[in-house]
Amino acid sequence: MASVQLINVNKVYDGGVHAVHDFSIDIKDKEFIVFVGPSGCGKSTTLRMIAGLEEISYGDFLIDGKLMNSAAPKDRDIAMVFQSYALYPQMTVYKNMAYALKLRKVPKDEIDARVKEAAKILKLTPYLDRKPRALSGGQRQRVALGRSIVRRPKVFLMDEPLSNLDAKLRVAMRSEIVRIHEEVGATTIYVTHDQIEAMTMASRIVVMKDGFIQQIGEPNEVYKNPANMFVAGFIGTPAMNFLHGIVEKGFFVLDGTGEKIRLTPDQKKLLANYEGKRLVYGIRPENLIFEEDDRFEKFKDCSFKLKTGMVELLGDIVNVHGTSGENKAILKMSSKYSVKDKTEITVATDCEYARFFNETTTRAITSNDCEYEEVEATDLTDEDKVVIVEKPKGLISKAVDAIKGAVNKKSDK
């Protein structure tokens with residue numbers, strides 16, 4: 001397969017809208033990389049630039065160390081699987097998988113061997129003589145994967161391939177794609193907005209927002225040590241709880257109630273520069289401990305009151321939505337405990353899993369970034385944050401502008 005490098009890759013559309021900003025990553029041979037983020041964050045645009053379907057405005061894209069910016073899509077040795085299966089309805093599964101090889105004039109014996117090999121990996125052997133209309137959604141998706149596998153490309157690109165499937169089938173197909181990746185040994189770049197897909201499938205995750213990379217890391221690292229509040233809120237179901245307040249003499253004091261959560265010695269050291277300052281205490285719902293839990297006594301110095309709202313029973317677990325003063329929080333616990341809505345309960349934080357964020361910059365407070373910093377808050381909407389970039393003009397554009405200016409001056413006279 002192949003290694004892939006993107007170095008300060010940018011995408012600027014006509015009109016000056018900057019869709020992708022300085023995207024840089026080194027992807028090793030046989031890695032499974034997942035681009036994840038909300039709609040409009042630039043993940044599919046980046047994938048299309050890798051495929052050659054979108055022009056790279058500036059920056060470098062390399063495969064195995066070879067610059068590929070100007071290479072045609074057919075010359076990049078890349079296979080892409082789209083959200084829609086895009087199968088030929090009049091062709092059998094066998095012919096759908098063989099078609100690309102036939103166009104390349106691959107010998108018939110080799111085509112037959114490749115198709116049967118891919119069908120075995122994808123468990124499609126019994127369906128080779130069927131047409132797409134006689135297949136389930138999951139089987140059609142595997143045929144689409146098969147068309148890519150038979151080509152034996154250097155890089156596989158997948159753009160939300162499971163979004164058309166129902167929930168149960170998506171779970172099954174996630175494990176299928178991981179199994180296929182391991183068997184084929186392919187370098188794979190996968191795009192999704194589903195953070196569960198990212199967490200369960202990826203070697204590394206690239207979290208994106210507004211065209212910028214927010215964090216790159218292994219799933220467990222991104223989950224446990226998010227780089228900022230956006231990553232902490234996007235990765236994880238339910239999202240991380242954000243409690244706002246002030247650091248005072250070894251305690252975190254919650255807004256609205258004045259309740260105090262004791263800080264550990266390591267946390268006091270980390271937050272030394274935040275004494276008397278505001279910050280955000282981040283704790284995941286599963287790391288809140290219900291008062292009836294046996295572990296509660298151990299962490300009672302890190303407890304606070306929670307007024308319960310909606311209670312979601314999800315089989316073996318319960319999500320309890322609540323408020324503590326001006327803060328909202330969710331408690332995720334075993335369904336063996338019973339909690340009613342519109343009551344007051346006490347919960348404790350398993351302080352080992354607490355993470356802290358600067359309230360205005362939203363960056364995580366770490367041993368390498370623990371200086372207090374304050375930036376002016378704004379009320380800009382997401383639409384207001386769009387960055388408009390003027391492309392540098394060439395000689396022809398400058399000459400045209402000069403002619404227009406002269407014409408305008410003449411008309412004014």
>> Taking side-chain hydrogen bond (donor to acceptor under 3.5 Å, both in side chains) as the cut-off, I'd like each qualifying pair that reaches into residues 188-198, sequence neighbours left out, listed once.
In response: Glu160-His193, Arg170-Asp194, Arg170-Glu197, His181-Thr188, Tyr190-Glu197, Thr192-Glu197, Gln195-Thr237
> Can you list every pair that meets side-chain hydrogen bond (donor to acceptor under 3.5 Å, both in side chains) and has a residue in residues 34-46, with sequence neighbours left out?
Replying inline: Ser44-Asp159
> Judged by modelled atom types alone, do Thr360 and Asn358 share a side-chain donor-acceptor pair under 3.5 Å?
Replying inline: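 The answer is yes; a qualifying pair exists.
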> Do the non-hydrogen side-chain atoms of Val143 and Pro132 ever get within less than 4.5 Å of each other?
Replying inline: no
>> Are the side chains of Asn10 and His18 in contact, using a 4.5 Å heavy-atom criterion?
In response: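 Contact flag for His18/Asn10 side chains = yes.
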Mind checking salt bridge (Lys or Arg N to Asp or Glu O under 4.0 Å) for [X] and listing every partner two or more places apart, or none if nothing turns up?
| X | value |
| --- | --- |
| Lys269 | none |
| Glu110 | Arg114 |
| Asp350 | Arg295 |
| Glu259 | none |

Listed by chain and number, what are the ring-ring contact (aromatic ring centres under 6.0 Å, His included) partners of [X], not counting sequence neighbours?
| X | value |
| --- | --- |
| Tyr99 | Tyr88 |
| Phe304 | none |
| Phe230 | Phe234 |
| Phe299 | none |

>> Quick test of your reading of the model: are Lys120 and Glu117 salt-bridged, counting only N-O distances below 4.0 Å?
In response: no
> Is it true that Lys277 and Glu374 make a salt bridge, defined as a side-chain N closer than 4.0 Å to a carboxylate O?
Replying inline: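 No.
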>> How about CG on Asp294, more than 12 heavy atoms from neighbouring residues, nucleotides or ligands closer than 6.0 Å, or not?
In response: no
>> Going by ring pair (Phe, Tyr, Trp, His ring centres under 6.0 Å), name the pairs with one or both residues in residues 244-270, residues two or more places apart or in two chains.
In response: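 Pairs touching residues 244-270 that pass the test: Phe252-Tyr281.
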>> Using only atom types and a distance under 3.5 Å, with no angle test, would you say the side chain of Arg142 pairs donor to acceptor with the backbone of Met173?
In response: no
> Does Thr323 have any side chain to side chain donor-acceptor pair (under 3.5 Å) partners at least two apart in sequence or in another chain, and if so, which?
Replying inline: none
